[in-house]
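In this text the structure is predicted, and so the values were computed from the model without any measurement. Counting begins at 1 with the first residue of the sequence.
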Amino acid sequence: RRSFEEILACLEALLGDELGTLDQDHSRGDVVMAAGRFNIRPSHDVLVLRHDGTSPCLALSRWGYQPAWKTPDYQRQAKRGPFINARAETVHTARAYAPAAASQRCLIIADGFYESTTAAGGKRTPHFFEATSSDVFLMAGIEASFPNAEWRASHSNVAILTQEAQGVARDVHHRMPVILSAKQAIGWLRTSQLPEATATVSDLTHRPVSTW
């Protein structure tokens, strides 16, 4: 919901000088369009923060993790599309995720997320989660390069790490994104470390929202 300039200010306030000078990836002229959207779905581009060992970089990544071996033919045979989420408990050991967890980590930037409850009859009610103490979330993610020919090799795709729901999130769903503090986020980018307590949940609030 915030402008790109507001997101930059939030990141500078959260991360300070820990990551050095923050750069934008100008290979995509529409990177600033990743801001100001109220609903981002799988297959949409999301704003991510990467670190190449020299400097941090803001760029776009397609939400839907698709490593090179997960070709369109494989997906048709398996009847399964790109991975949306990756379990934090197994991200370092699962065949699909371990290589990315070792070398292609990122942070997904957002100011909230949705989870849904399901009532009798299958009716789903989405809930919007946000934090009262900060403007943006830093969610742990992993990336891969799209194998499809229509995508440039430099354009990546991403999965969001999830964990067991904590705090008020348990009222809505059994899983939630891995939300990192600034210190934890830097540890994830630089060393692949996920702390035991990975979610900043003490100030999370949620409310039901319309499906429209």
Do [X] and [Y] make a side-chain contact, defined as non-hydrogen atoms from C-beta onward lying under 4.5 Å apart?
X      : Y      : answer
Asp171 : His127 : no
Leu138 : Leu49  : no
Leu58  : Ile109 : yes
Gln104 : Ile142 : no

Contacts of Arg175 meeting side-chain contact (heavy atoms from CB on, under 4.5 Å) (sequence neighbours excluded), chain-then-number -> Arg87, Glu89, Thr162, Glu164, His173

Side chain to side chain contact (heavy atoms under 4.5 Å, CB included) with Pro126: which of Val172, Val209, Asn39?
Val209

Quick check for you: to the nearest 0.5 Å, what is the distance between [X] atom [atom1] and [Y] atom [atom2]?
X      : Y      : atom1 : atom2 : answer
Met176 : Asn85  : CE    : CG    : 12.0 Å
Leu107 : Met139 : CG    : CE    : 10.0 Å
Leu180 : Leu14  : CG    : CG    : 11.5 Å
Ile108 : Leu47  : CD1   : CG    : 10.0 Å
Arg62  : Ser156 : CZ    : OG    : 12.0 Å
Gln66  : Asn157 : CD    : CG    : 6.0 Å

Please evaluate residues Ile160 and Val46 with respect to the criterion side chain to side chain contact (heavy atoms under 4.5 Å, CB included), reporting the C-alpha separation (whole Å), side-chain torsions for both, the decisive distance (0.1 Å), and the verdict.
CA-CA 11 Å; Ile160 298 173; Val46 296; over 6 Å; no

What is the minimum heavy-atom distance between [X] and [Y], and which atoms define it?
X      : Y      : answer
Ala96  : Phe83  : CB-CE1, 4.0 Å
Tyr65  : Ala144 : CE1-CB, 3.7 Å
Ala165 : Arg170 : O-CG, 3.2 Å
His206 : Val168 : NE2-O, 3.8 Å
Ile84  : Gly64  : CD1-CA, 4.3 Å
Cys106 : Trp188 : O-NE1, 3.1 Å

Worked verdict on Phe129 versus Phe137 for ring pair (Phe, Tyr, Trp, His ring centres under 6.0 Å):
CA-CA 11 Å; Phe129 286 81; Phe137 290 138; 9.0 Å; no

Check salt bridge (Lys or Arg N to Asp or Glu O under 4.0 Å) between Arg207 and all other residues, then give those that pass, not counting sequence neighbours.
Glu130

Looking at Tyr97 and Ala159, would you say the former's side chain and the latter's main chain have a donor-acceptor pair under 3.5 Å?
no

Has the side chain of Arg105 got a donor or acceptor atom that lies under 3.5 Å from a matching backbone atom of Leu189?
yes

Are Arg50 and Val48 close enough, and set up right, to give a side chain to side chain contact (heavy atoms under 4.5 Å, CB included), and what steps lead you there?
CA-CA 6 Å; Arg50 306 183 187 119; Val48 301; 4.0 Å; yes

